[in-house]
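Fair warning: this is a prediction, and the values are worked out from it, not measured in the lab. Each chain gets a letter, A, B and so on, in the order its sequence line appears, and its residues count up from 1. The analysis underlying the following values was restricted to heavy atoms, covering all of them including side chains, and did not include hydrogens, waters or symmetry mates.
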Amino acid sequence: MRAERLVSMANDIGAFFNAEADKAVAAQGVANHIKRYWDPRMRREIVAHYREGGGAGLEPVARSGVALLATSA
Amino acid sequence: MYSSGYHDHGTPAASGAKLVTLEIDGKPVTVPEGTSIMRAAASTGTDVPKLCATDSLKAFGSCRLCLVEIEGRRGYPASCTTLVADGIKVRTQSHKLTQLRTSVMELYLSDHPADCGSTSASARCDVHDMAAKLGVTGMRYGVDGRNHLHGAKDESNPYFTFDQSECIVCSRCVRACDETQGTFALTIQGRGFASKVSASQNEPFLESECVSCGACVEACPTGALAEKSLIQLGQPTKVTTTTCAYCGVGCSFNAESRNSDVVRMVPNRDGHANHGHACVKGRFAYGYATHPDRITTPMIRKSIDDPWRQVTWEEAIGYAAGEFKRIQAKYGRDSIGGITSSRCTNEETFLVQKLVRAAFGNNNVDTCARVCHSPTGYGLKNTIGESAGTQNFDSVMKADVMIVVGANPTEGHPVFASRMKQRLRQGAKLIVIDPREIALVKTPHIKADLHLPLRPGTNVALFNSLAHVIVTEGLTREDYVAERCEADSYRKWKAIVAEERNSPENTASSTGVSPELVRAAARMYATAGNGAIYYGLGVTEHSQGSTMVMCIANLAMATGNVGREGVGINPLRGQNNVQGSCDMGSFPHEFSAYRHVSDLATRTAFEKDWGVPLLAEPGLRIPNMFEAALDGSFKGMYIQGEDPAQSDPDTQHVTAAFKAMECVVIQDLFLNETAKYAHVFLPGSSFLEKDGTFTNAERRVSRVRKVMEPKAGFQDWEITILLSNALGYPMHYRHPSEIMEEIARLTPTFSTFTYEKLDRAGSLQWPVTDEAPEGTPTMHVGEFVRGKGKFFVTEFVPTTERATRKYPLLLTTGRILSQYNVGAQTRRTQNSAWAAADVLEIHPHDAETRGINDGDMVGLTSRSGEIVLPAKVTDRVRPGVVYTTFHFPESGANVVTTENSDWATNCPEYKVTAVEIVKVTHPSEWQKRFHEFTEHQLELLKAREVTHA
């Protein structure tokens, strides 16, 4: 899938969890949401995008969330 | 005229708690206080003669036929307007009463056609029926005097006629329009002998304010107002109680038929959702089921550029199954998926998701709720614990204040809108939050107390400011919250909404709504008593759709407005079975009753029952399927009763995805827009051709019953079984009731649900369990389903779709009363007499600055595409906002909508698209290509080759 689209979706999720003052909690929220609702191929691709280029285009909270996914993948 | 078998009690039932005992014709009768003598008599089997009375309308007392005698009282009171009293003795028959009634009857007969009800209409006429009952065979006055026997006939309405010569001016039609429908389109014009029923200002019905709900036709006691279908087809011979397949109100109907033809649809007075009312779609727009465009033979083709081949069911199913197996062998198990339909039954939906999970072996199943109410499921599950509305429709009659946000009930949910209007006329307050001035804002008889005309895309900012006022002015229900909600989440939410940045004064720059209006609305909702929130797709179809649903739940919990009648969170569902399709496990991440596929206990139960291993990972959502198709990892789809090529956003993206697939299987009534990209067409069945159940917006499960045989030989659930069997996963159901047994076995909220129980009750609101064996009209009583209610912080995140110099206007979309969704059904009925094209509403100021006049063709361009529509200049939209509908495929409203979607669910942001408009003279390039493609596909359909006998 287009990395650009996945990045945009991850950023939208991040924007909701960004309301959390504790950014670690926010990142976990992003990771949990993606794990719970994204098909595995989408998760693989966003993780690959993160691993390959450091997650270009990802906002900080979304990036932290994807980083958590990458760690657990 | 109501159905012949109906026992009309003459006046509505009374709700008095005290019982009153009286004597009628020597028999003791006990009825609730407030009951009319007419109704009390009817309850004992004594039908007092009547013409102007019917039990759906308040007593009127004009026809003077229902006179009775009451011992000890003078005169002959009308039994419809005289209420029962303890100990009175009533006589409904006497020599004097017969004399009086005969005289009245003679007067009616002197100005009434002798053949009324015999050569026309319903073949029934209460005037003649009552005359026969009273033994009046002639009259003293002759027919040579002044009369109305040559009165004009109005045939303008496509569905019913009005023949003044048969009208007795009883006002039943006028009262039905007022009391039942709430449109007030009819009146009695003139005085005395010149009195006549008039639509609006003596206009033809079609051109008047009449919304063609048909309540007047049903209330008419003669043939004056009559269905054209009844005149054409004659008296029905069979009645089947079933459920409407249009909007989420889920009206119950008695389908009256003769041979294999539906003669008319009569709303069921015992229907729990509609109480005998209907709208123009449900009552009249069923003709699509027999439209010549119906395809009733399966077809296949290798490529979408090939002509179709008409084949046997066996070949079509074999081909589809073979292709799906081939694709999975070549591209992997996850390369195919399916879409369930919110227009099909619960049982059919359940089977499609089972087919995907068990026979395809993946979780790539989704439903069209993805593009409408998926945020409702997410938002309500997280806050209050259940992905559904909290009330029944009747609850509105106990509401003191209603917020209607992002919904247009008079167009989208007209029968429920009539109930709302009844309550509003009783004095309940109304707050409308909508960018447009919807009909509820201002009509001759209803006026919203407050209208907050916010900018599209700013719902969350507005609701945060409502919450700010409620919190900072101490209007929260602290006792309720302390008892029923999570303290930490409340504290956190309260602190954030109280911040000054969320005040109406600060959010006004985003929302465009004056702070005074916001403050007034917040105070009204929090202090008026029972507060109920009704919402629609103007809430969900945004990039913050799920956040906004949480905002609504936060507000309802903070003010103590969940868990009893008259309050609640009420999503108005778009299609007939959106609630049901979600309940049945249509989403790729969850089984029925909203249980995640990763939940081991749930998955194990399904694996045991279905005899196959199931995946613990979520599958692809609809938009993800399209993305995956374009990247080459998704190659085949089974689509039952949906049309994403018209209904889903960014049409060109969607059609490119279909073109990239190798096998698209469509099961539908017509060659819809998606079917033009399909390789297999399986002819589906309409709601009139099947058995099953629908679940409406109030969680009410109602029976769908077969009125006619399926045109193509199979009901939709049977076709899914054929496909599953061909894929090597046998299904053995003989009737939808057997599917429901499986649903009940595997779904906690349906644990004691059976067809037998449903048939007995008429309808049941889930949960139906041991604890609630007769269903659950109001949820979250005493405790939320999730235990403690949870508040969520809902920061406003503006959509990226903003007005710019290039695209300075915001487009929002919606629907109209006479057409339904993609229009596949209603466009094939005479409803097009009211609207035969989509139009673009534009504010006079925006029109003037662009040199656009009413009726001009305008090009509408967004970053996704361009279309051309006729302009309608109106101040119903605010400056800077334009509005259109998506009922006609050639308009291509979704060519301009974008891929933006709700952060949590991917529900598309249909409600906000930045656009520019210019006056043009030619169709858009997309429209030209659409026209050429459509012509080509219709040629391929026409040239279909018959390869079987």
Side-chain angles (χ1 to χ4, degrees), chain A residues 1-50 52-53 55-66 68-73, chain B residues 332 334-335 337 362-364 366 374 378 382 460 464 492-493 495-496 543-547 550 587-590 596-599 615-621 623-634 653 792-800 898-906 909:
Chain A
M1 283 189 207
R2 289 178 300 156
E4 182 196 353
R5 180 72 193 128
L6 296 175
V7 166
S8 167
M9 287 165 59
N11 282 341
D12 289 345
I13 296 166
F16 175 79
F17 288 101
N18 199 33
E20 281 288 346
D22 183 337
K23 296 307 170 196
V25 174
Q28 193 61 58
V30 172
N32 290 346
H33 187 89
I34 290 177
K35 187 158 172 35
R36 203 167 166 79
Y37 297 103
W38 283 24
D39 158 88
R41 86 188 72 174
M42 295 164 66
R43 297 206 308 263
R44 277 196 303 274
E45 287 172 26
I46 193 76
V47 165
H49 175 74
Y50 170 76
E52 284 160 19
L58 286 169
E59 298 292 337
V61 169
R63 180 183 286 109
S64 302
V66 175
L68 288 174
L69 285 174
T71 310
S72 63
Chain B
D334 299 332
S335 59
N362 62 47
N363 284 327
N364 292 333
D366 208 353
S374 51
Y378 183 88
N382 279 283
V460 171
N464 282 347
K492 203 163 154 187
W493 171 80
I496 288 177
S543 61
Q544 281 201 288
S546 293
T547 312
M550 291 172 170
F587 288 136
H589 64 280
E590 58 196 11
H596 200 272
V597 290
S598 65
D599 180 74
L615 293 185
E617 293 282 4
L620 293 167
R621 299 162 169 175
N624 309 148
M625 292 181 198
F626 295 144
E627 284 285 330
L630 288 169
D631 82 5
S633 66
F634 190 80
H653 178 78
F792 278 78
V793 174
T794 53
E795 290 288 359
F796 172 52
V797 180
T799 172
T800 53
T898 70
E899 82 284 2
N900 270 23
S901 65
D902 172 46
W903 67 271
T905 65
N906 283 150
E909 190 175 39

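Here the side chains of Met1(A) and Phe634(B) are not in contact, with every heavy-atom distance at 4.5 Å or above. Counting heavy atoms from C-beta on, the side chains of Asn364(B) and Asp39(A) come closer than 4.5 Å. Side chains of Glu795(B) and Asn18(A) form no contact here, defined as non-hydrogen atoms less than 4.5 Å apart. In this structure, the side chains of Tyr37(A) and Phe587(B) stay at 4.5 Å or more apart for every pair of heavy atoms. Counting heavy atoms from C-beta on, the side chains of Met42(A) and Leu620(B) come closer than 4.5 Å.
Heavy-atom distances place no part of Phe626(B) under 4.5 Å from chain A, backbone and side chain included. Only the side chain of Val797(B) comes within contact range of chain A, with heavy atoms under 4.5 Å apart. Looking at Arg2(A), the atoms closer than 4.5 Å to chain B (heavy atoms on both sides) sit in the backbone and in the side chain alike. With a threshold of 4.5 angstrom between heavy atoms, Leu630(B) does not approach chain A through any atom at all.
With respect to Glu617(B), the salt bridge (Lys or Arg N to Asp or Glu O under 4.0 Å) criterion is satisfied by exactly one of Arg41(A), Arg36(A), Arg43(A): Arg43(A).
For the set Lys35(A), Arg5(A), Met9(A), the count of heavy-atom pairs under 4.5 angstrom toward chain B peaks at Arg5(A). Of the listed residues (Ser598(B), Ala904(B), Ser901(B)), the greatest number of heavy-atom pairs within a distance under 4.5 Å of chain A belongs to Ala904(B).
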